[in-house]
Amino acid sequence: FLSLSPGKNVGHFGPGPALGLLYEHFVSYERGTRGREGWKRVRGPRISAMIPCLVSLATSLCCSCCSWTTVEILRSSARVAYSTLFLFSMILAWLLRDFHGFIKHFVHPPKDVPYLPPDVWWGEQAVFRLSMGNFLLFAVLALVMSFPAPVVMRDDWRDSKLHHGGWVVKVLLWLGFNILPFFFSNGVITVYATVSKVVSPLFLAIQTLIIIDLTQEWNDRWVVEGDSDERYLYALLIGTIGNYVLTVALFVASFMWFSPGDIDADGVPIDCSFNWSMIMIGVLLCTIMTMFTLHPRIKEASPRASVFVASSMAMYVAYLGFSALQSEPRDYACNSLGKQISAASGTTLAMGMVITLASTVWAAFRAGSNTHTFEYFDRDVEREYQTLQSAPHEPDMDRGHGQRDEEDAPDSSVQPVSYSYVQFYLIFALASMYVGMLMTGWGDGKMQKDMIDIGWPSVYVKLACSWLSAGVYVWTLCAPMVLIDRTF
């Protein structure tokens with residue numbers, strides 16, 4: 001592991017120069033003391049003379065180990081690295097939104113937006129420009145990974161050089177793309193914000209498709225395992241019951257916090273009919289999904305229909321409805337939970353915001369890594385590779401008995417990629433737009449410090465996504481009966 005040869009590098013850690021210096025110091029010291037008599041045993045006072053070299057050796061070894069570990073992590077999991085950069089960008093956007101003193105030196109508000117206070121306008125601009133920078137970065141990477149053809153095999157130079165390698169260059173590109181939008185005109189940013197309002201809800205819609213596909217695959221896998229081990233079936237039953245319990249709990253909490261039935265200062269009951277109606281629509285949708293799943297016609301046309309999937313979707317619909325009502329303005333009379341949150345300390349609010357941002361990063365990470373829902377590249381490539389790996393190889397008679405033609409042997413380094421890089425970058429591009437909308441209240445100009453995802457636009461978007469989720473799930477059940485010529 002450690003070589004005492006002067007100046008010789010040792011593996012990836014590279015402490016050879018320090019060891020060489022230690023070696024030379026030891027030799028010169030001993031030869032200067034004993035001359036030709038050779039070396040003698042090192043005593044205590046002489047060890048103290050080597051302490052600087054030992055400290056240098058330990059520091060070099062530690063730094064080299066950290067550097068090597070970091071490089072290996074970046075090479076093996078590019079998704080983690082991109083997610084970390086994306087999280088840094090969101091935290092930076094949050095800081096610039098609430099503490100935007102420096103941006104005033106770069107961006108000047110136009111004269112035709114008198115409806116926004118200057119501080120609010122600057123905060124929005126900081127968020128939109130950082131959001132645009134990340135969107136451009138991931139969009140460019142998606143284009144590079146898709147043309148002239150998508151990356152499907154690991155021997156593609158874009159896999160090793162761009163996706164998993166070249167991190168120094170990519171960090172510089174990340175910095176450059178985050179700085180570049182601050183030099184764009186206000187009109188360009190306005191167009192980007194308008195497009196984001198229309199496109200960013202797709203990020204939530206994609207989450208719906210992935211949840212349906214993930215729970216269905218989970219259910220199918222455990223049903224198969226249940227043929228040999230009944231514990232998998234009991235686990236599905238417990239999971240189904242747990243999902244419905246959480247669904248009921250979310251609806252009960254929604255009635256308690258968002259339809260409290262309080263009385264205003266004049267003694268008149270507060271009208272919370274909007275919240276009450278939205279909660280009841282959620283309950284109705286969850287009931288419809290369960291009833292459709294259990295219907296005999298559905299079970300006949302779609303044998304894969306499962307109550308476990310229905311319970312998971314019911315919990316997701318209930319969660320979206322709860323989250324939508326929680327996003328109502330803090331001063332809204334029917335949002336009693338918002339009043340409690342507003343009364344919390346700044347540290348609590350900041351922690352809640354960090355959790356929200358981290359959840360968004362995790363959602364983007366899972367959506368970008370999912371390859372079963374969106375079959376972007378041809379799976380025939382993977383099947384051909386597996387066939388090639390498992391096929392027997394006949395010995396080449398011209399090379400003698402037992403000798404195998406190495407040129408005809410399958411290359412183990414040539415493997416299909418584990419997920420679609422294009423999809424990964426596109427999901428993060430959509431997430432960049434979505435975060436820009438969350439932090440600015442979908443551009444309504446009513447941001448509050450240490451708050452995120454607050455405002456009526458957020459309420460309407462989440463409610464629409466919850467209804468869309470229920471509709472998509474019901475369609476997956478009815479599609480085999482409607483499109484009889486297709487295989488599901």
Side-chain angles (χ1 to χ4, degrees), residues 204 207-208 211-212 214-215 218-219 235-264 268-294 306-344 348-349 351-353 355-356 359-360 362-363 438 451-456 458-474:
L204 290 177
Q207 301 301 317
T208 299
I211 289 175
I212 295 175
L214 176 63
T215 53
W218 185 357
N219 178 81
L236 282 177
L237 177 60
I238 294 174
T240 302
I241 296 174
N243 287 337
Y244 278 121
V245 169
L246 291 175
T247 300
V248 173
L250 285 171
F251 284 127
V252 171
S254 298
F255 277 113
M256 292 175 55
W257 283 327
F258 306 119
S259 185
D262 295 340
I263 300 176
D264 60 14
V268 179
I270 299 175
D271 183 14
C272 297
S273 58
F274 173 78
N275 287 1
W276 189 89
S277 301
M278 296 302 103
I279 297 172
M280 289 305 301
I281 290 176
V283 173
L284 180 61
L285 291 176
C286 293
T287 305
I288 291 175
M289 288 190 295
T290 303
M291 293 177 62
F292 265 75
T293 304
L294 296 176
S306 168
V307 183
F308 173 74
V309 181
S311 66
S312 300
M313 289 303 303
M315 184 179 65
Y316 183 63
V317 169
Y319 162 75
L320 283 178
F322 180 88
S323 179
L325 298 179
Q326 188 268 334
S327 296
E328 291 175 337
R330 295 292 181 250
D331 56 356
Y332 184 52
C334 295
N335 188 359
S336 59
L337 178 61
K339 297 176 183 178
Q340 299 176 22
I341 295 177
S342 299
T348 303
L349 296 176
M351 287 300 298
M353 190 168 186
I355 292 174
T356 302
S359 301
T360 305
W362 175 251
L438 289 184
M451 295 289 183
I452 186 174
D453 195 21
I454 303 299
W456 288 110
S458 295
V459 175
Y460 300 141
V461 169
K462 289 181 180 179
L463 287 175
C465 286
S466 68
W467 302 341
L468 177 65
S469 301
V472 170
Y473 175 70
V474 171

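Positions are given from 1 along the sequence.
- Side-chain contact annotation: Ser466 with Tyr319, donor-acceptor N/O pair under 3.5 Å absent.
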- Message: Apply side-chain contact (heavy atoms from CB on, under 4.5 Å) to residues Phe322 and Leu337 and explain how you reach the verdict.
- Response: CA-CA 11 Å; Phe322 180 88; Leu337 178 61; 3.9 Å; yes
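- Closest heavy-atom contact between Lys462 and Ser323: NZ-OG, 2.6 Å.
- Nearest heavy-atom pair, Val309 versus Ile212, reported as atom, atom and distance to 0.1 Å: CG1-O, 4.5 Å.
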- Message: The test is side-chain contact (heavy atoms from CB on, under 4.5 Å); show your working for Leu320 and Leu463 and say whether it passes.
- Response: CA-CA 7 Å; Leu320 283 178; Leu463 287 175; over 6 Å; no
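- At a threshold of 4.5 Å between non-hydrogen side-chain atoms, the residues Val472 and Met313 do not count as touching.
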- Report the C-alpha separation of Asn275 and Glu328 in whole Å, then their side-chain angles, then the decisive distance to 0.1 Å, and conclude whether the side chain to side chain donor-acceptor pair (under 3.5 Å) test is met. CA-CA 10 Å; Asn275 287 1; Glu328 291 175 337; 3.2 Å; yes
Show me the donor-acceptor pairs, under 3.5 Å and distance only, between side chains in residues 278-285 and residues at least two apart or in other chains.
none

- Task: Show the numbers, then the answer: is there a side-chain contact (heavy atoms from CB on, under 4.5 Å) between Phe258 and Ser254?
- Result: CA-CA 5 Å; Phe258 306 119; Ser254 298; 4.1 Å; yes
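- Under the side chain to side chain contact (heavy atoms under 4.5 Å, CB included) criterion, Ala235 pairs with Trp222, not counting sequence neighbours.
- Looking at Ser469 and Thr208, their side chains do bring a donor and an acceptor atom within 3.5 Å of each other.
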- For side-chain contact (heavy atoms from CB on, under 4.5 Å), just list the numbers for Gln326 and Trp257, CA-CA rounded to whole Å, side-chain angles, deciding distance to a tenth of an Å, and then say yes or no. CA-CA 9 Å; Gln326 188 268 334; Trp257 283 327; over 6 Å; no
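- When all heavy atoms are compared, the tightest approach of Asn335 to Leu325 is ND2-O, 3.9 Å.
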Anything under 3.5 Å between a donor and an acceptor, one on a side chain of residues 242-252, the other on a protein residue two or more places apart or in another chain? List them.
residue : atom : partner : partner atom : Å
Asn243  : ND2  : Gly239  : O            : 3.2
Asn243  : ND2  : Ser311  : OG           : 3.1
Asn243  : ND2  : Ser312  : OG           : 3.1
Tyr244  : OH   : Thr290  : OG1          : 2.7
Thr247  : OG1  : Asn243  : O            : 2.8
Thr247  : OG1  : Met315  : N            : 3.2

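- Under a cut-off of 6.0 angstrom, the local environment of CZ in Phe292 is sparse, with at most 12 non-hydrogen atoms contributed by other residues, nucleotides or ligands.
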